[in-house]
2 protein chains.
Amino acid sequence: MNQAAAYLSLAAKLQQRIVNGELPAGSKLPSERALCGQFEVSRVSARDALHALESQGLIYRLNRMGWFVAPPVFIYDPTRSSSIQEEAISQHRALTTELLSAAQETPPIQVSKALKQAPTQSAVVVTRRRAVDQRWVLLEICYFRESAFPDLLSHDLAKSLTALVREQYGYRARELDVSISSSPLSPSHAQHLQVREGCPSLKLERQVKVAGEPIALEREFWLHDAIEMRVKGQGS
Amino acid sequence: MNQAAAYLSLAAKLQQRIVNGELPAGSKLPSERALCGQFEVSRVSARDALHALESQGLIYRLNRMGWFVAPPVFIYDPTRSSSIQEEAISQHRALTTELLSAAQETPPIQVSKALKQAPTQSAVVVTRRRAVDQRWVLLEICYFRESAFPDLLSHDLAKSLTALVREQYGYRARELDVSISSSPLSPSHAQHLQVREGCPSLKLERQVKVAGEPIALEREFWLHDAIEMRVKGQGS
DNA sequence: CAGTGGTCTAGACCACTTA
DNA sequence: AAGTGGTCTAGACCACTGA
């Protein structure tokens, strides 16, 4: 066999330290220039190693603050009836939610279509970001049909929306159409999650229907390395 | 605002050509060195641009053969009762399947656990790769409980396994536990899909149960930019 | 064989964060 | 102001591909 590439060998050494627990979850790695010195590689090679570990979900970067060891993935059922809050508690993870905006707006065309309303018709749009164990990992954009959610804006929208929908508005028997795909983050989404533009994410789109009629559309962008989704289904 | 970075501006120009149809799906991009010349950037910048488009799923690379425009995503229901073959036909996509190996082996421990059998107990392991529109996008590893699938190896395993399970073995009323996560490809998996080690993939694990007992475990590794998953669910 | 991407060096300046 | 990652140059050699 040939000699391992310098960046792969550095990546392996860092990985070793991480799985050993020498570098625990959430801790900061040495700076890129420090790695160059310690391991006698060029900065390009050091960065290649970091990129490799990043794409494996082992580490992540915060703006220009440095590289950090990623915490374990959060497990999540996108067809959930329970709220994310409840799932976080059962996994002993700290969840924080921040309301970014809430207003009555005209949604994008695809959203209008999914809600089965005219493109000129407005909807209530709620945008939030959520952190698991202090790391922002989820950007959430919910579009609600106004007719189905009167006075929505007067409620506390930093709390569980799932509970609000269920308890204040009494929607219990819901159907969900869920779509999951890989999607690069837009500049503004990336900024809210403190990652860079174009960063890969798992995009989850959830159309909520009651009696066959759509009442809401939820879009979630999860940092791809932060989540694992689990679904139960039935074969024919 | 500041001047756009050279690599972002190059990426935007290439993206333009792709969405225009000037560079249709499947076509080859100019070589990295050609791009350096045409756009007067260093090779590093050219590569950064290509990497950005790659992470957006717009282009992909084949070994050392060059960069190519990616075809549209394949849409797929992981809780499907229909076979992938059937889904491909309804989407007018060409699907090819290649059997890589089929044998009786002792599976990894996690698999034994999921199948609820002793770690020493063997299982029938079938490995295949599948292409959509001539591009290898899926590596599939199926573990079958021997007791549930007698004489499995004597069948044609390049054909639809879904149909085989349903028609030859008569398992109709199945339950599925599905898990979806992001996972880097191992060296051997990457090689089969003609991409490089560590390439991000969507990992799908599907536990098949009949009357509450697991009879098979299927693992699928999809190139992350090639697929979109859709699921239907029920709220509480 | 020539062409391609894969890896690498040793520098440089910029933009942003934190203090 | 000091430290960090982000971007960039102009080269180089290697490993693998295809004809």
Side-chain angles (χ1 to χ4, degrees), chain A residues 1-14 27-55 59-70 134-136 185 187-188 190-199, chain B residues 1-12 14 27-55 59-70 134-136 185 187 190-199:
Chain A
M1 263 321 273
N2 46 12
Q3 181 76 9
Y7 82 98
L8 286 177
S9 131
L10 171 53
K13 285 174 193 158
L14 291 174
S27 63
K28 187 176 176 304
L29 272 67
S31 78
E32 296 179 356
R33 286 169 180 84
L35 291 172
C36 299
Q38 284 173 41
F39 294 92
E40 301 194 309
V41 293
S42 74
R43 188 151 162 240
V44 174
S45 302
R47 281 175 68 77
D48 282 349
L50 293 168
H51 289 144
L53 295 177
E54 179 187 40
S55 84
I59 63 175
Y60 65 96
R61 44 183 153 173
L62 280 185
N63 276 334
R64 286 155 209 266
M65 295 160 54
W67 294 87
F68 299 83
V69 178
Q134 274 60 258
R135 178 186 176 201
W136 297 114
L185 289 177
S188 81
Q191 191 169 26
H192 285 130
L193 297 181
Q194 298 182 302
V195 297
R196 67 184 223 139
E197 170 183 352
C199 188
Chain B
M1 262 321 272
N2 45 13
Q3 183 73 10
Y7 82 97
L8 286 177
S9 130
L10 172 52
L14 291 174
S27 64
K28 185 174 176 304
L29 272 66
S31 78
E32 296 180 356
R33 286 168 180 85
L35 290 173
C36 300
Q38 284 173 43
F39 296 92
E40 301 195 309
V41 293
S42 74
R43 188 150 164 241
V44 174
S45 302
R47 281 174 69 78
D48 282 350
L50 294 167
H51 288 144
L53 295 177
E54 179 187 39
S55 84
I59 62 175
Y60 66 96
R61 43 183 153 175
L62 279 185
N63 276 334
R64 285 157 209 265
M65 295 159 56
W67 294 86
F68 299 83
V69 179
Q134 274 62 257
R135 178 185 177 202
W136 297 115
L185 289 176
Q191 192 169 26
H192 284 131
L193 297 181
Q194 297 182 304
V195 296
R196 69 185 221 138
E197 170 184 352
C199 188

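Chain letters run A, B, ... following the sequence lines, proteins first and then strands; every chain starts at 1.
In this entry the distance linking CG of Leu8(B) with C1' of dA15(C) reads 14 Å, nearest Å. Atom CG of Leu29(B) and atom P of dT4(C) are 12 Å apart (whole Å). Spacing between atom NZ of Lys28(B) and atom P of dG3(C) amounts to 12 Å, rounded to whole angstrom units. Atom CD1 in Ile59(A) sits about 12 Å away from atom C1' in dG5(D), given to the nearest Å. The nearest whole Å value for the distance from the CE atom in Met65(B) to the P atom in dG18(D) is 5 Å. Note: CH2 (Trp67(B)) to C1' (dG6(C)) measures 11 Å, nearest angstrom. In this structure, the CG atom of Leu35(B) is 16 Å from the P atom of dG3(C), given to the nearest Å. The CD atom of Glu40(B) sits 13 Å away from the C1' atom of dT9(D) (whole-angstrom rounding).
For Ser45(A), the side-chain atoms get nearest to dC8(C) when compared with the rest of dC8(C), dT7(D), dG5(D). Relative to the side chain of Arg64(B), the nucleotides dT18(C), dG5(D), dT4(C) differ in distance, and dT4(C) lies closest.
Of the inter-residue distances, the one linking Asp48(A) atom CG with Arg43(A) atom CZ reads 12.0 Å to the nearest 0.5 angstrom. With rounding to the nearest 0.5 Å, the separation of CG in Leu35(B) from OG in Ser45(B) is 11.5 Å. For the atom pair CD of Gln194(B) and CE of Met65(B), the computed distance is 6.5 Å after rounding to the nearest 0.5 Å. Once rounded to the nearest 0.5 Å, the distance linking CZ of Arg47(B) with OG of Ser42(B) reads 11.0 Å. The NE2 atom of His192(A) sits 12.0 Å away from the CG atom of Leu185(A) when rounded to the nearest 0.5 Å.
OP1 or OP2 of dG6(C) lies within a sub-4.0 Å distance of a side-chain N or O belonging to Arg61(B).
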Subject >> Derivation and outcome, side-chain contact (heavy atoms from CB on, under 4.5 Å), residues Val195(B) and Tyr60(B) >> reply: CA-CA 9 Å; Val195(B) 296; Tyr60(B) 66 96; over 6 Å; no

**OP:** May I have the step-by-step check of side-chain contact (heavy atoms from CB on, under 4.5 Å) for Leu50(B) and Leu29(B), ending in yes or no?
**Re:** CA-CA 10 Å; Leu50(B) 294 167; Leu29(B) 272 66; 3.8 Å; yes

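Within 6.0 Å of atom CD in Gln38(A), more than 12 heavy atoms from other residues, nucleotides or ligands are found, so the atom counts as buried in its surroundings.
Both Ala6(A) and Glu32(B) sit near DNA chain C, but only Glu32(B) has its closest nucleotide nearer the 5' end.
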Using atom names, set out every protein N or O paired with an N or O of nucleotides 10-13 of chain C below 3.5 Å, distance rounded to 0.1 Å.
{"unit_1": "dA12(C)", "atom_1": "N6", "unit_2": "Arg43(A)", "atom_2": "NH1", "d": "3.3"}

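Residues from residues 46-55 of chain B lying near DNA chain C, meaning a heavy-atom separation below 4.0 Å, are Arg47(B) in numerical order.
In this view, Glu54(B) and Arg61(B) satisfy the salt bridge (charged side-chain N to carboxylate O under 4.0 Å, His left out) rule, not counting sequence neighbours.
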